[in-house]
Amino acid sequence: MLKEKLERCLCQAVQEAQKKGELPPVTMAQVSVERTQNSKHGDFASNLPMKLARSMQTSPLLIAEQILEHLPRLPEIADVIVAPPGFVNFVLRKEWLARQVNNILSARETYGDSVLDEECRIQFEFVSVNPTGPLHVGHGRGAVLGSTLANVFKSAGYSVEREYYINDVGSQITNLGGSLYTRYLQCLGKEASLPADAYMGDYVIDIAREIVDEYGEKFLVLSSDEASAELGRIGVCRLLKVIEKELALLRVDFDSWFREKSLYETGQYQYVMDLLRDRGYVQEREGAVWFETTALGDEKDNVLVRGDGLPTYFASDIAYHYNKFLVRKFDRVVDIWGADHQGHILRMQAALRALGIEPERFTVMICQMVSLRRGEEVVKASKRSGNIIALKEVIDEVGVDACRFHFLSRSADSQMDFDLELAKKQSDENPVYYVQYAHARIASILRIALEREIDYSGGDVSLLVAEPELSLIRQLILFPEVRDTVIATLEPQYLPYYARDLATSFHSFYKQCRVISDDEELSRARLKLIEASGIVLARVLGMMGITAPERM
RNA sequence: GCGCCUAUAGCUCAGUGGAUAGAGCAUCGGUCUUCGGAACCGAGUGUCGGGGGUUCGAAUCCCUCUAGGCGCGCCA
C-alpha cells in the first residue's frame, strides 16, 4: 500500500543523505507515515524529522529539507512539502487519484480485499449466552460487534470462523430443568412451588405449556430429578432455537455451535484435567480440586472441581480453549465477553500459559453494559422475558439497520445508553439513513443512465479534476485503510464514522456537480465516479451487516 | 479493600503521541428546490473530570485523587 511505499522512500532518503554525509550517521528511528487530519497538510504526513532531531542534534526542519532533497520522485505524489515544526507532507497527484476510480470499478465488490501471505485461521466466539432464556440488549451489542469483525477479517484475507459456545451442562441448566418441571406440574394442575433461584420469566411457562401439548403426562412417571433433567434438555433445545432466530433477525449467524457437553462426551475434559495434573498445577485441598493459577499470574487460585464432584465452568472452559488452540488449531482466537466476565480473563490467560499456548494468540474483548432509556425514563426489564430487556423488543422498535449502526458507533469499552425515544425521533436524521440515502441516490442516477442508454464504460476518468470530485475519490480510497485500522485495533466504530464521511463527500459532490448533463464526456466520467462510490458505500455497509438500498 | 472499564461541546459520542480537539442531535442563519430536499453551505459553544509527571510535542503514555459502571463464589 501507498503508506508503506512512502515509508520505504523516507527511509531510503535518510540513508542516502547519511551516505553523502549530509545527515549524521545515527541509527534510524521508526519511520511512520500517517494520514493527515487536515487536508491543508496534504494527504499523508510523516513526523520522521522530529523523531530524528534529538539523536542527530539537528533541527527537525533542516532534517526535513535534507530528506526532501534525497526523496525519489513517485508517480502517485504531486508534491512534497516541509512544514513546521518538522513534518514532511505528501500531496497525491490528481491524475493518480482519478485513475483509482477505474481500480474500484474493476475490483467491484472485492475492492479493498486482500490476501494474506500465509493462511491465518482466526476464530471469533461471541454471544454464547446460556440457553436459559431470551437474549437481552447487551447480547445484541456483542453479536453485532462479533459478526462485523468477522466480516472485516474475512475481507482482509483471514480464514474466519464464527462460533457460539453452548453451555448445556452445569447448574444453570439444572436450574432451568427444575424451573420447567415445576411449571410443567403446574400446567397439569399439580401443586408445585418454584425452586429458590428459579427462572421466573413467563417464557418458562410458555415452554412448559408446549411440552404438555406435545408430550402430555409422559414426565409424571419419572422421578423429579430424571424429569427435570429431561425437561432441561428439551428446554435448551427450544431456547437455542429462539436465540438463533433472534440473532438471525439481527443478521447474525454462526459457522459453528459448539456444545460444552461434547467436551465430556469425547473425553477431552478429562484429558486436559490430567494434563494439568501431570504438569503439577493441580492441588486438592478443602475437599475441592484447585488450579494454582497464582503461580501463573492470576490474583488467586481457582477451583476446578467442586466439593460435590462437579466441574466448575472454569474447568470446562480450559478444556474448551484447549480444543480451540490445540485440537482445532486456530492461529488466533478472539472471545467477546460481557463486562460481567472481566474477572474471568486473568485465570483463562493463566490456564493457557499452563497449556503452553502463546498468549498473543488469545484476545478477550470486553463489551461494556447497555442500558436502555426512553427519554428520561429508564426502561424496566419485563417480567415476560425474565427480568431482562429483550433484544427483540429493541429490534422491533428501532429496526435492524439502525440498531446495528448504533451498536457499532460506540467503542466496546464504553457503557452504552441506548435511548429509544431519541432513536425513533431522529429516525429521519439518523446517520444510518443518511448513508443509505447516498446509496439510494446513486442507484437512482444509475437507473436514469440505464434508461437513457448511456454507455459510460469507456468514460475517461482523467476528466475528473474538480475539487468535489477529487475529495470524493480521496474518501473512496480510504476504505482499505479503514478496514486495516479495524483489523489492528479490533474496534469497528471506525466503519460507521467512515461511512458517514463518505456519504457526506458524495452528497456534497452531488450538490456541486451535475452528473448527467449536456457534456456527454464529463457525464460518462462522473457516472463512473458515482458507480464507484456506490460500490464502496455498499461494501462498508455490508461489512457492518447493514443493507444498501436501491430505493428508500 | 483489590481488579477492569469510563469521564471530551447543552445532549449522545468519535478521536491509531503530532499541526487550529471533531461529528450527529439540538440552536441560529443561509442555499436551492427540473440526475431523489431523507440534501447542501455557514455560525456559536470546550478548564478534554482535578492535580502532578514523561516528551521537542499529551485528550492520548505514567502516577495520584474524585465520580460512575462492572467484577472480586466450590455460579456461569
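First the proteins, then the strands, lettered A, B, ... as listed; each starts at 1. As the structure is a prediction and not an experimental result, all values here were calculated from the model.
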Please classify the nucleic acid contact of [X] as base, sugar-phosphate, or nothing, using heavy-atom distances under 4.0 Å.
| X | value |
| --- | --- |
| A/Asp298 | nothing |
| A/Glu286 | base |
| A/Ser517 | nothing |
| A/Ala438 | nothing |
| A/Arg500 | sugar-phosphate |
| A/Glu550 | base |
| A/Ile448 | sugar-phosphate |
| A/Glu491 | sugar-phosphate |
| A/Ser444 | base |
| A/Ala45 | base |
| A/Gln493 | sugar-phosphate |
| A/Cys367 | nothing |
| A/Phe314 | nothing |
| A/His41 | base |

Looking at the side chain of [X], which of [options] is the nearest nucleotide?
| X | options | result |
| --- | --- | --- |
| A/Pro85 | B/A76, B/G18, B/C70 | B/G18 |
| A/Gln342 | B/C74, B/G24, B/C70 | B/C70 |
| A/Arg447 | B/G71, B/G36, B/A76 | B/G36 |
| A/Val515 | B/U55, B/G68, B/C35 | B/C35 |
| A/Val303 | B/A14, B/C74, B/A39 | B/C74 |
| A/Asp417 | B/A19, B/C56, B/U12 | B/U12 |
| A/Ile516 | B/A39, B/C35, B/C41 | B/C35 |
| A/Ser414 | B/A14, B/A38, B/A76 | B/A14 |
| A/Tyr434 | B/A39, B/C35, B/G18 | B/A39 |
| A/Met50 | B/G69, B/C56, B/A19 | B/C56 |

Euclidean distance for [atom1], [N] against [M] (whole angstrom):
| N | M | atom1 | answer |
| --- | --- | --- | --- |
| B/A9 | B/C48 | P | 10 Å |
| B/A67 | B/C74 | P | 30 Å |
| B/C56 | B/A14 | C1' | 28 Å |
| B/A38 | B/C4 | P | 50 Å |
| B/G1 | B/A58 | P | 33 Å |
| B/C62 | B/A21 | P | 24 Å |
| B/U8 | B/C2 | P | 25 Å |
| B/C41 | B/G46 | C1' | 24 Å |

Whole angstrom is fine here: how far is it from [atom1] in [X] over to [atom2] in [N]?
| X | N | atom1 | atom2 | value |
| --- | --- | --- | --- | --- |
| A/Gln37 | B/A21 | CD | P | 10 Å |
| A/Lys511 | B/G30 | NZ | C1' | 12 Å |
| A/Asp301 | B/G73 | CG | P | 13 Å |
| A/Gln512 | B/C40 | CD | P | 11 Å |

Inset, instruction - For atom CD of A/Glu520, decide whether the heavy atoms of other residues, nucleotides or ligands shown that lie under 6.0 angstrom number more than 12. - result: no
Legend entry - Within 6.0 angstrom of A/Asp518 CG, more than 12 heavy atoms from elsewhere: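 No, the 6.0 Å shell around CG holds no more than 12 heavy atoms from other groups.
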Inset, instruction - Return the stacking result for B/A14 and A/Tyr497: yes when the ring centres lie under 5.5 Å apart and the planes under 30°, no otherwise. - result: no
Inset, instruction - Measure from the ring centre of A/His341 to the centre of the six-membered ring in the base of B/G71, then say whether that distance is under 5.5 Å and the planes meet at under 30°. - result: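 Check failed, A/His341 does not stack on base of B/G71.
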Legend entry - Presence of donor-acceptor pair under 3.5 Å, side chain of A/Asn47 and base of B/A19: no
Between [Y] and [X], does any NZ, NE, NH1 or NH2 come within less than 4.0 Å of an OD or OE carboxylate oxygen?
| X | Y | value |
| --- | --- | --- |
| A/Asp519 | A/Arg526 | no |
| A/Arg347 | A/Asp298 | no |
| A/Arg285 | A/Asp301 | yes |

Inset, instruction - Provide the Watson-Crick or G-U wobble partner of B/C72, both distances under 3.5 Å; none if there is no partner. - result: B/G1
Inset, instruction - Check for a donor-acceptor pair, side chain of A/Arg447 on one end and backbone N or O of A/Glu550 on the other, with a separation under 3.5 Å. - result: yes
Inset, instruction - Kindly indicate whether the side chain of A/Glu284, heavy atoms from C-beta on, has any atom under 4.5 Å from the side chain of A/Leu304. - result: no
Legend entry - With A/Arg474, the salt bridge (Lys or Arg N to Asp or Glu O under 4.0 Å) member among A/Glu481, A/Glu469, A/Glu467: A/Glu467
